[in-house]
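Numbered from 1 within each chain, the chains take letters A, B, ... in sequence-line order. Here the structure is a predicted model, which means the values were calculated and not measured.
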2 protein chains.
Amino acid sequence: MEAATDGRILRAGELEIRPEEFLALADGRPLNLTARELELLKALMERAGRIVSREELYVSVWGEPYRKSDRSVDVYVGKLRQKLEEAAPHHRFIHTHFGFGYRFSPQPAERSFTRLS
Amino acid sequence: MEAATDGRILRAGELEIRPEEFLALADGRPLNLTARELELLKALMERAGRIVSREELYVSVWGEPYRKSDRSVDVYVGKLRQKLEEAAPHHRFIHTHFGFGYRFSPQPAERSFTRLS
DNA sequence: ACACTTTTTTCACAGGCCGGTCACGCACTC
DNA sequence: GAGTGCGTGACCGGCCTGTGAAAAAAGTGT
């Protein structure tokens, strides 16, 4: 369904996704992602740089209408962050935009105590 | 049919396969593999690093259409793991990817909680 | 052809993993 | 400070996997 990039290798920063192999690499190390996690990461990367609403993400990944009370996207963003942090420490990939949604944008590294933007 | 590597010696980590001798060595020690086991190991090694579905493995090794309920691949992966563990303890070769299939990737040893740098 | 061994296939059960939901507490905006 | 949004650990049902063991098939020697 993600016609534009389906099957193509996606890259961003230290991240790489090979959809046809169900494989995601961070710094060359395989992330051990589940099906949903991989789909969500793909959806985010395909929209890299822009703020994406939960609704858009949910519809794209789950393929069903979005209910405002559904927290699935949040939960899976959390799981992704955790696994990304494991594989590529001190990088930031998924940024929260309060009240709007999430934005994927790989950031080189983390400087000690800088404030969130 | 695996034209590219058929008959050629395959190596990965501590593993070596010499197809024309029906021989597999781990750490220099011969694994005592049966025909099916050897074929499956070859199929996995030829696809090293990527996640391979049961269907692809089954079709490649058994040469017949795959039935979803068929557990043969699982059983033989189990047998391979057992023999590999015997010959080369504390190495990991075949990794399970839940819902997708298996991935061959030799891993030096297991370090429990240390993070790679 | 027969008996015996080895390998392959099937079966069934136990346990593990994943997806989805909930609830609690903190974060953020105004 | 009030009100809403967000992060996250915990939990449960259901499907996926690992695996021993039985059954079937194939191989081996006489």
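Among residues at least two apart or in separate chains, there is no ring-ring contact (aromatic ring centres under 6.0 Å, His included) pair with a member in residues 11-51 of chain B. Counting only residues at least two apart or in different chains, side-chain hydrogen bond (donor to acceptor under 3.5 Å, both in side chains) contacts with residues 17-30 of chain B comprise B:E16-B:R18. Pairs of residues two or more places apart, or lying in two chains, never qualify as salt bridge (charged side-chain N to carboxylate O under 4.0 Å, His left out) while including a residue from residues 95-107 of chain B.
Taking A:A26 as the reference, A:L15, A:L31, A:A87, A:A88 meet the side chain to side chain contact (heavy atoms under 4.5 Å, CB included) condition, with sequence neighbours excluded. Remark: A:E55 engages A:S53, A:V59, A:Y66 in a side chain to side chain contact (heavy atoms under 4.5 Å, CB included) (not counting sequence neighbours). Contacts of A:A35 classified as side chain to side chain contact (heavy atoms under 4.5 Å, CB included), with partners at least two apart in sequence or in another chain: B:F100. With sequence neighbours excluded, no residue forms a side chain to side chain donor-acceptor pair (under 3.5 Å) with A:N32. Applying the side chain to side chain donor-acceptor pair (under 3.5 Å) test to B:R71 and every residue at least two apart in sequence or in another chain returns nothing. With sequence neighbours left out, B:F98 forms a ring-ring contact (aromatic ring centres under 6.0 Å, His included) with no residue at all.
Axis orientation changes by 50° from one end of the helix from C:dA1-D:dT30 to C:dC30-D:dG1 to the other, with each end axis drawn from 5 pairs and the value rounded to 10°.
Atom CZ of B:F22 is separated from atom P of C:dT6 by 20 Å (rounded to the nearest Å). Here the P atom of nucleotide C:dC28 and the NE2 atom of A:H95 are 15 Å apart, to the nearest Å. We find that CG of B:D74 is positioned 15 Å from C1' of C:dT8, with the value rounded to whole Å.
Here chain B contacts DNA chain D (any atom closer than 4.0 Å to a heavy atom, that is under 4.0 Å), and the contacts span D:dC16 to D:dT19 from 5' to 3'.
In the hydrophobic cluster analysis, where Ile, Leu, Val, Met, Phe, Trp and Tyr join through side-chain heavy atoms closer than 4.5 angstrom, B:L40 is grouped together with B:L38.
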Practice item. Give the B/S/- string for nucleotides 14-23 of chain C, one per nucleotide from 5' to 3', where a protein heavy atom under 4.0 Å of the base yields B, of only the sugar-phosphate yields S, and otherwise -. Key: --BBSBSBBB

